[in-house]
Amino acid sequence: MFHEHQPVRILSNAGHDWSLVLAGGEGTRLQSLTMTASGVAVPKQFCSFGGDVSLLHDALTRSQSVTTQERTCVVVSEHHRLWWQALDLRIPSENVIRQPRNRGTATGILLPLLRILHRDPKANLLVLPSDHFVRNEAALATSLRAAMRSVRQRPDQIVILGISPDEADPELGYIVAEGNGVADLRSVTEFVEKPSAAVARGLIARGGVWNSFIFAAHGATLLRAVEERCPRLVTEMRNIVASGESPAHHDLLGHLYDHAPDLDFSRDILQRSPSMLRVLTVPPCGWSDLGTPKRLIEALNHVLPKSEHSLRELGRHTPFVDLTQHRSPKYAAG
């Protein structure tokens, strides 16, 4: 990958610090650019951004700036098995947490959160998506570590990383906070998910930042935030997780996912819990969520001049789309 810096790993006082990488999404907005030669849309987290590893691999490396491989987890969806099973994720197999299907980010966080708390009731979590691009990883890593330090000191807070916006993008969430200092932890006054362009411009005028959907929290605090909004879902899933691994466990979990609503963590949980939220604005780091073809191409403008790598497969049987080939994505079968 073509980043200016790789994360510097400084892991002091990280005995209960975990990371959770979210890799169960469908990547529907980029499907036209992640299509294989046979017409299969590959979720973008399993695609490359011009190097020899996937965006998911990049996120796992990013997450380990705050913890170890042994306390790094990833949640995936069963129907994406073709893409994740052959990858060498370099974490313990029990840390690859499979959900029967994608039911939105709230459910996608709840299942691994309960699994982690079952193993470590004192866990602090860094939660981050698997499909972002970051040009300066070291700058972001500094903020990741600062967020984790904050939740160790104030376990009642959820600390979200904010990104200074360069346009009023209606496809992103916005956070307005007290004060305007970069690298200062600030109380959240407004949390608005995917506003209209006009509303977004007003939020930016009041100092609003983009919601990166990277956040840190004490595990019990995060669970309480979900439980306040979805008590029945938490109770049922907690009972299933406590029952341990068994055929019955998988049947019960599948049944729960069959009937669970699609829940968005930002809209359905965070937006309704502003008093728990703090925002930490990240110094410029070249972040992009690669969420639309427009943002993908903007990020590519920074990468392509440096790219000298050819397309490489990620696993022996793994379809692999290189996002730098955005005009006609290539496909490498194992």
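The first residue of the sequence shown is numbered 1, and numbering continues consecutively from there.
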Can you check whether S266 reaches K194 side chain to side chain, under 4.5 Å on heavy atoms?
-> no

Starting from the C-alpha separation in whole Å, work towards a yes-or-no answer on salt bridge (Lys or Arg N to Asp or Glu O under 4.0 Å) for D289 and R295.
-> CA-CA 8 Å; D289 73 337; R295 291 203 290 277; 2.6 Å; yes

Does the distance from a Lys or Arg side-chain N to an Asp or Glu carboxylate O, for R81 and E78, drop under 4.0 Å?
-> yes

Just jot down the side chain to side chain contact (heavy atoms under 4.5 Å, CB included) partners of L117, sequence neighbours excluded, or say none.
-> L113, A123, L223

Value for OG1 (T61) from CG (L56), rounded to nearest 0.5 Å, stands at 9.5 Å

Partners of S150 by side chain to side chain contact (heavy atoms under 4.5 Å, CB included), sequence neighbours excluded?
-> V159, L185

Sorted by chain and number, sequence neighbours left out, side chain to side chain contact (heavy atoms under 4.5 Å, CB included) with H249 holds for R115, I240, S243, E245, S246, L253

Results of salt bridge (charged side-chain N to carboxylate O under 4.0 Å, His left out) for R201 - residues two or more places apart only = none

Have a look at Y257 and tell me which of R101, Q99, R103 forms a side-chain hydrogen bond (donor to acceptor under 3.5 Å, both in side chains) with it.
-> Q99

Quick one: list whatever passes salt bridge (charged side-chain N to carboxylate O under 4.0 Å, His left out) with D264, sequence neighbours left out.
-> none

Residue pair D120, K122: steps toward the salt bridge (Lys or Arg N to Asp or Glu O under 4.0 Å) verdict | CA-CA 5 Å; D120 181 2; K122 297 181 180 179; over 6 Å; no

Where does the angle between the aromatic ring planes of F215 and F213 fall among parallel (under 30°), tilted (30 to 60°) and perpendicular (over 60°)?
-> perpendicular

Is the closest side-chain heavy-atom distance between S143 and P283 below 4.5 Å?
-> yes

What pair of heavy atoms forms the shortest contact from E171 to T292, and how long is it?
-> CG-CG2, 4.3 Å

Can you tell if the side chain of F191 reaches within under 4.5 Å of the side chain of L277, non-hydrogen atoms only?
-> yes

Residue pair L233 / L110: nearest heavy atoms and the distance that separates them | CG-CD2, 3.8 Å

When R145, R152, R71, R149 are each screened for side-chain hydrogen bond (donor to acceptor under 3.5 Å, both in side chains) with D17, the one that passes is R152

Below 4.5 Å, heavy atoms only, C-beta onward: do H80 and N102 meet side chain to side chain?
-> no

Within 6.0 Å of NE2 in H250, more than 12 heavy atoms from elsewhere | yes

The salt bridge (charged side-chain N to carboxylate O under 4.0 Å, His left out) partners of E298 (sequence neighbours excluded) come to K294

